[in-house]
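Reading through the C-alpha cells given below for one structure.
The residues of the chain are indexed from 1 along the displayed sequence.
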Amino acid sequence: MTITVANFQGRTSTPGIRKSLNGGLAWLIVLLGTVFATNVLAESILQDITYTPLSGGKVQITMKFAGPVAEPQIFTTENPARIAIDLADTRNGLSQRRIEINNGATGAVSAVEAAGRTRVVVDLFHTVTYETKVEGNNLVLNVNNGMSGSATVTAVATTDPTKAIAAPGLEVSNIDFRRGKNGEGRVVVSFSGEGAGADLQRVGDKVSLDMYNVRLPTQLAQRLDVLDFATPVQFIETHAKGNGAHMEISAKAPFEQLAYQAGNQYIIEISPKKEEEKKGPNAPPDYSGNRVTFNFQDIPTRSVLQLIADVSDLNIVVADTVQGNVTLRLINVPWDQALDIVLQAKGLDKRRNGNVIWVAPQKEIADREQALADSRNKLQQLTDTITVYIPISYGNAKDIADLLTTKNKQAAGGAGAGQQNSGFLSERGRVSYDDRTNTLLVVDTPEKVASVRELVAKLDKPVQQVLIESRVVVATDNFARELGAKFGVSGGYQQNNTIISTSGSLAAADSMANVALANRFAGTGSGLPVSAAGPISGTSGILVPNIANRLNVNLPATNPSGSFGLAILGADYLLDLELSAAQTEGRSELISSPRVITANQKEADIKQGQEIGYVTFTGGSAGGGAATATVQFKEAVLELKVTPTITADNRVFLTLDVKKDAINSLVPNPGGGFVPQLDKREITTSVLVDNGQTVVLGGVYEFDKSTDITKVPFLGDVPGIGALFRDTKKSTQKAELLIFVTPRILNESLK
C-alpha cells in the first residue's frame with residue numbers, strides 16, 4: 001500500500017516532517033520579524049477574513065492581519081443593522097470585497113480601504129450583541145443570534161462617529177466624486193470639522209444621506225451628473241433640509257453600497273454587484289483542494305476518510321452506519337474530488353457546516369433532512385403570527401394581493417379582501433387590502449412576513465415612461481405651363497365687279513363685304529378706309545367687325561401671365577394675332593408633430609382637428625311624406641395612438657396608429673347641403689426601435705404628369721406655324737407623405 005500526499009501550502013502528511021519543518025522555520029520567523037518590525041507597526045495589512053458557524057446561530061468572524069492588529073474603533077447602527085470596525089493604518093489585501101454568510105443573524109461581511117484606513121462592515125438581519133477579542137495577529141468577532149442588548153467588547157471600542165452630535169458651526173465644505181480602479185463610484189462629503197452626524201439609508205435604487213445640524217452652502221446645493229464616469233452612480237442631488245442637508249444618490253442596479261466616516265469626511269462607495277456565474281445542472285463541480293495520490297487495495301472506507309481529513313485540515317464526522325472497504329488508485333487529484341469519488345462509490349453523502357463535514361449513507365441523510373423539515377413545519381404551526389400593514393406606492397394593492405393568493409378566495413367585508421393559502425404565505429397566513437389607502441394587510445409568521453415584504457419591495461416600483469415624438473410630413477410640388485394663340489384674317493376685295501370677303505365668322509365676312517361694297521359706291525376704288533373701326537368715308541354707319549368675330553383661331557391660355565398682340569391693317573385686309581402664355585409653380589410642406597408620454601405597456605392616444613357636421617335625409621315618399629333630417633359628423637384630425645413596450649436590452653417596441661386626415665372638398669347632397677370629402681393618410685404598424693433613435697415608419701410618393709393639347713385639325717400639326725392653331729398645357733404634380741417616430745425612455749431621476 002502506497003500513500004503519497006502532495007500539499008502545496010507547506011504541509012505534509014507525516015508528523016515527523018511537520019515537527020522538523022516547524023523547528024527549522026522558527027529561527028527564520030524570528031529573523032524576518034526583526035527585519036520587518038518597523039514596517040509592520042507602521043502599516044498592517046488585512047490578509048483574509050474567514051467565518052465559522054457556531055451553535056445557536058452564532059457566527060465567529062476571524063480577520064487575519066500581516067502584523068499586529070491596529071486599535072479598532074467599533075460601532076453599530078440599527079437601521080440598517082450593522083457592525084462597523086475601523087482599522088487605522090491598515091491596508092485592504094483581500095481579493096474578494098464581500099463575503100456572503102447568511103447564517104444566524106449575520107448576512108455578509110465587507111471590507112473597503114480609503115484614506116489610509118480599512119473599514120470592515122458586518123451586515124446583520126437584525127440588531128444583536130457581539131464580542132471581540134485579539135488573538136495574536138487575528139481580530140475575532142463573535143456575533144450572537146439573540147435580539148439587541150448591551151454588547152460586550154473585549155477590544156477597545158469607541159463611540160459611533162456617525163451618531164456623534166455635530167459640533168456647532170459645522171458646514172459642508174466640499175462634495176467630490178471619484179471613480180475607483182474597479183469601477184466603483186465614491187462620493188466624498190467633506191465638512192469644515194470633525195463630528196458631523198449622518199444617517200445613510202437605501203430605498204430601492206437610490207441611496208439617501210441625511211446630515212444633521214450641518215449648514216449647506218448655496219453653491220453646493222446642486223445636481224451633479226456623473227454618468228460619464230462609467231460607474232453605477234448616475235446623479236447626485238444635494239439640498240438643504242431643516243437644520244441640515246439631504247443628499248440623494250441615484251444609481252443603476254444591481255449595486256452594493258458601503259459608507260464610513262473618517263475624520264472630517266463621510267465617504268459613500270457604490271460598486272457594481274458581481275453576478276455569480278451560472279452553471280448548468282450537468283456542469284462538473286470545481287475542485288480546488290490540495291492534490292493527493294492514493295493507492296489502496298481493499299482498505300476500510302473509514303480509514304480513507306480519516307486520511308482525507310488529515311490532508312484537508314477539516315473535521316470529518318463519520319456515521320456508525322458507514323462500513324465496508326474500498327480500493328482506490330488516484331494520482332494527483334484534489335482531495336475534495338477524491339472525497340466525492342469515495343462517497344459516490346459507497347453510496348454516501350456529506351453535509352458541511354463550517355469546517356465540519358458529516359458523512360453518512362444517502363438514505364440516512366435524506367431521512368434526517370426530512371425529519372428536520374417536518375419539525376420546522378410543526379414549529380411554524382406553533383409560531384405566533386403577526387400583523388403588518390404594507391403601504392403600496394406605485395402599484396395596486398388589490399393586484400398584489402391577488403398575486404399573493406390562490407384562486408380559492410373567501411370574500412371578506414370592508415374595503416374588499418381575499419383570504420386563502422398560497423405559496424407566499426403559510427397555512428395560517430392571510431392577506432387582504434384596503435382600496436382607500438392602497439395598503440396590504442398581511443397576517444402571518446415573522447419569517448413569511450419578511451418574505452412578503454421583500455417581494456413587495458421588488459414589485460412596488462415606478463413603471464418606466466416613454467416619450468413618443470412623431471412627425472407627419474406632407475410635401476407637394478406642382479408645375480404647369482400653357483401656351484395659347486388668337487389668330488384672325490379679315491378682308492374684302494373687289495375683282496371684276498366681284499367682291500370677295502373673309503373673316504372669322506359669317507357675320508364678320510358679311511361686314512367686310514359691306515365695306516367693299518361701300519368703297520365701290522364711294523368711287524374710291526378698291527381698298528379700305530384708314531379708320532376701319534369707324535364710319536367709312538362716303539357712307540353712313542358701316543363698321544369693321546369686332547375682334548371676337550374676326551378671329552379664326554381662339555385658343556388663348558386660360559389664365560395668361562403674359563400676352564403679345566399684333567394687328568396689321570392693309571388696304572383691303574385686316575390681320576389679328578395674340579400670343580399668350582402662363583406658367584405656375586407651387587411647393588408646400590405640411591409638418592405635424594404630435595408627442596405624448598405614457599407608461600410602459602400602456603396605450604396613449606392624442607388627437608387634434610375638427611368634426612365636420614353634415615345633414616342626411618331619410619324616409620319620405622312620392623306620396624308627400626316628409627323626410628327626416630339627421631345630422632352626422634366626420635372627423636378630420638391628426639391622431640397618434642401608441643402602445644410602447646420597453647425590452648430588456650433598453651429598446652422600445654411600439655404598436656402605432658398614426659392618422660392625418662384633411663378636408664378635400666364638399667360634395668353636394670341631393671337632399672340639400674353638402675357632404676365632406678376627406679383626404680385620408682393613415683398607417684398602422686409595429687416596430688422595434690432603439691432608445692432615442694428616429695425611424696421612418698413609411699411613406700407614399702405620388703407623381704402625376706399630364707399634357708393637354710387643344711388645336712385646329714391639320715393646321716395645328718403644321719410645323720412652325722402650327723403653334724398659331726393650338727393651345728398646349730403641360731402640368732406636373734408630386735406629392736410625398738413621410739411619417740417619422742422617435743421614442744425616448746425617460747430616466748426616473750430626470751422627472
Side-chain angles (χ1 to χ4, degrees), residues 1-26 28-29 32 45-54 60-66 93-97 99-101 103 109 135-138 140 276-277 279 283-319 322 324-360 365:
M1 179 178 66
T2 302
I3 304 176
T4 303
V5 180
N7 190 315
F8 299 124
Q9 295 183 354
R11 296 192 300 267
T12 61
S13 62
T14 52
I17 296 177
R18 290 182 180 175
K19 183 176 181 181
S20 300
L21 181 61
N22 293 336
L25 290 178
L28 181 60
I29 295 174
L32 293 177
I45 301 175
L46 177 61
Q47 292 182 329
D48 192 15
I49 296 179
T50 60
Y51 70 93
T52 302
L54 304 177
Q60 183 181 84
I61 301 174
T62 303
M63 291 159 271
K64 300 180 181 180
F65 297 86
L94 300 179
S95 59
Q96 186 177 2
R97 180 179 177 274
I99 301 173
E100 298 290 341
I101 298 178
N103 195 301
V109 59
E135 297 179 351
N137 292 342
N138 297 339
V140 180
E276 297 182 357
E277 183 180 356
K279 296 183 179 180
D286 294 332
Y287 297 107
S288 58
N290 299 323
R291 295 185 176 273
V292 297
T293 297
F294 290 152
N295 189 359
F296 299 122
Q297 182 69 31
D298 198 26
I299 186 175
T301 303
R302 303 175 70 90
S303 299
V304 176
L305 296 177
Q306 180 61 41
L307 290 173
I308 294 177
D310 293 338
V311 174
S312 63
D313 282 346
L314 294 177
N315 302 312
I316 296 182
V317 178
V318 183
V322 176
N325 297 343
V326 65
T327 299
L328 289 178
R329 188 176 185 274
L330 302 175
I331 300 175
N332 197 26
V333 298
W335 68 261
D336 45 357
Q337 185 178 9
L339 177 61
D340 286 348
I341 291 174
V342 173
L343 298 181
Q344 293 173 8
K346 302 301 293 182
L348 305 175
D349 202 353
K350 68 178 185 294
R351 291 296 182 267
R352 180 168 181 172
N353 187 357
N355 64 344
V356 179
I357 297 179
W358 176 48
V359 177
I365 292 180

Which residues pass the side-chain hydrogen bond (donor to acceptor under 3.5 Å, both in side chains) test with Q47, not counting sequence neighbours?
none
For N325, give me all partners under side-chain hydrogen bond (donor to acceptor under 3.5 Å, both in side chains), at least two apart in sequence or on another chain.
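So N325 forms a side-chain hydrogen bond (donor to acceptor under 3.5 Å, both in side chains) with D298.
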Any donor-acceptor N/O pair, T52 side chain to Q60 backbone, under 3.5 Å:
no
Output yes when a side-chain donor or acceptor of R352 lies under 3.5 Å from a complementary backbone atom of G354, and no otherwise.
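Flag set: sc R352 to bb G354 pair under 3.5 Å.
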How far does [atom1] of [X] sit from [atom2] of [Y], to the nearest 0.5 angstrom?
X	Y	atom1	atom2	result
K346	R302	NZ	CZ	12.5 Å
L348	L305	CG	CG	7.5 Å
T301	Q306	OG1	CD	13.5 Å

With side chains defined as the heavy atoms from C-beta onward, is the minimum distance between [X] and [Y] less than 4.5 Å?
X	Y	value
I99	Y51	yes
I299	L328	no
L46	M63	yes
V359	V342	no

Kindly give the heavy-atom pair with the smallest separation between W335 and I308, and that separation in Å.
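Shortest heavy-atom contact: CE3-CG2, 3.8 Å.
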For the residue pair V333 and L330, what are the closest heavy atoms and their distance?
CG2-CB, 3.8 Å
With sequence neighbours excluded, what pairs up with D349 under the salt bridge (charged side-chain N to carboxylate O under 4.0 Å, His left out) test?
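By the salt bridge (charged side-chain N to carboxylate O under 4.0 Å, His left out) rule, D349 matches R351.
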Sequence-distant partners of [X], side-chain contact (heavy atoms from CB on, under 4.5 Å), two or more places apart:
X	value
A360	A319, W358, E364, I365
N137	P68
T50	D48, T62, K64

What pairs meet the salt bridge (Lys or Arg N to Asp or Glu O under 4.0 Å) rule with one or both residues in residues 333-345, with sequence neighbours excluded?
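Residue pairs with at least one partner in residues 333-345: D340-K350.
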